[in-house]
Amino acid sequence: LDLCPVAEIIRMAKTFFTVKKLKMPARLDKVIAIQYPQWGRKAVKKLISSRKVKVDKKSVWLGSWEVQNGQKIEISEAPVEKPKPIIKFNEGWLLSDEDDLIAMNKPAGLLSQTTRAGGKDNLLDLCIEKFGKVALFHRLDRDTSGLCLLTRPGEINAYLDKLFKQRRVVKEYLALVSSQKEIDAEGVIKTRLRPHPRRRDQMVVVGKGGFYAESRYEVLGESEGKKLIRIWPITGRSHQLRVQMSYLGVPIIGDRIYGGGEKTGLRLMLHAHKIELPAADGFETRSFSAPLGEDFKQLIPTSLINLLP
């Protein structure tokens, strides 16, 4: 795309702008992405394919549509801005700092720990820099927000290892899902999961083999084509809740991998809300909860806000 820097496109209003000073006709998706870089390319493509963009008052649904100087671009529904890169420890993430255990409220978009490629900002490295030697005991997907547990060296590690293996840790998640299908007000989901044969970042439900996965859920309410639900995973398989909600026909909104129905352009609407550790081996019962961030709450229909636990 051959554009002059900075001022090729002049914004006229929040969702209107005029194309100007292009050296040659350019693709619509690239022009919008340059005007609103905070949205991200995927959100821009979704806007166009969903017929939410007009060129000179005519609906356009192809990102490859060429636009020229003087044409007016109208966007009927702007997506929420994508998360900004996180590079520093935020004191607001800290929920509890006890002698042996640290509870953190991880934001969506931050890795729990480094990937194989390394070199990326992640919660564990930021916490090591802040607290010294700690280990990540309960991790979340990058796009999931909420409770993560970190431990200092000591007996706490054997205690937690035993609890997780015995499935005695009570974990509660909140999710906003698409109401594509009617489901029971509450229920138990039992599936078998294995890695996708061609996509390393995806899990699939299989009839035989794989790993057993079980979760319990409760629907809190429904509005505007969305359901607010609580989920308690019994097992802890990779992407378990995301796969199982999709399998039920009510994918989590914002889930780019498992077909989250209506994509928000911002984040996966899944939050690790509570963890309860039972008394055992000399340790007392402990529970932690992580409040929802504004990036989650602003996407919940108003009528469902009062139903939050």
Take a 6.0 Å sphere around [atom1] of [X] and say whether it holds more than 12 heavy atoms from other residues, nucleotides or ligands.
X	atom1	answer
Glu98	CD	yes
Trp232	CH2	yes
Arg152	CZ	yes
Asp99	CG	no
Phe283	CZ	yes
Glu129	CD	no
Phe164	CZ	yes
Glu276	CD	yes

[Y] and [X], any side-chain heavy atoms less than 4.5 Å apart:
X	Y	value
Leu220	Glu218	yes
Ser96	Arg286	no
Phe288	Leu101	yes
Leu277	Val169	yes
Leu176	Pro301	yes
Leu268	Arg242	yes
Val55	Val19	no
Thr114	Leu124	no

Considering all heavy atoms, the nearest [X]-[Y] contact:
X	Y	result
Lys181	Val250	O-CG1, 3.5 Å
Ala290	Leu95	CB-CD1, 3.7 Å
Phe89	Cys127	CE1-SG, 4.0 Å
Pro309	Glu172	CG-OE2, 4.0 Å
Tyr173	His138	OH-NE2, 3.7 Å
Ser145	His271	OG-ND1, 2.7 Å

Would you say the side-chain atoms of [X] pair up with the backbone N or O of [Y], donor to acceptor, closer than 3.5 Å?
X	Y	result
Asp141	Asp143	no
Ser215	Ile189	no
Ser49	Lys46	yes
Arg237	Tyr212	yes
Thr144	Leu270	no
Asp56	Gln71	no
His196	Arg198	yes
Lys106	Arg142	yes
Asn105	Pro291	yes
Gln240	Glu214	yes

- [ ] Show your reasoning for whether side chain to side chain contact (heavy atoms under 4.5 Å, CB included) applies to Gln35 and Ile73.
- [x] CA-CA 11 Å; Gln35 173 68 5; Ile73 311 299; over 6 Å; no

TODO: Please find out if less than 6.0 Å separates the ring center of Phe137 from that of Tyr159.
DONE: no

- [ ] Please answer: with hydrophobic residues joined when any side-chain heavy atoms are less than 4.5 Å apart, are Ile252 and Leu307 in the same cluster?
- [x] yes

Open item on the list: Would a single hydrophobic cluster contain both Phe296 and Ile305, if residues Ile, Leu, Val, Met, Phe, Trp and Tyr are joined by side-chain heavy-atom contacts under 4.5 Å?
Closed with: yes

Open item on the list: Apply salt bridge (charged side-chain N to carboxylate O under 4.0 Å, His left out) to residues Glu91 and Lys130 and explain how you reach the verdict.
Closed with: CA-CA 10 Å; Glu91 294 289 345; Lys130 171 71 175 179; 2.4 Å; yes

Open item on the list: Among Ile253, Leu292, Leu174, exactly one meets side-chain contact (heavy atoms from CB on, under 4.5 Å) together with Ile300. Which residue is that?
Closed with: Leu292

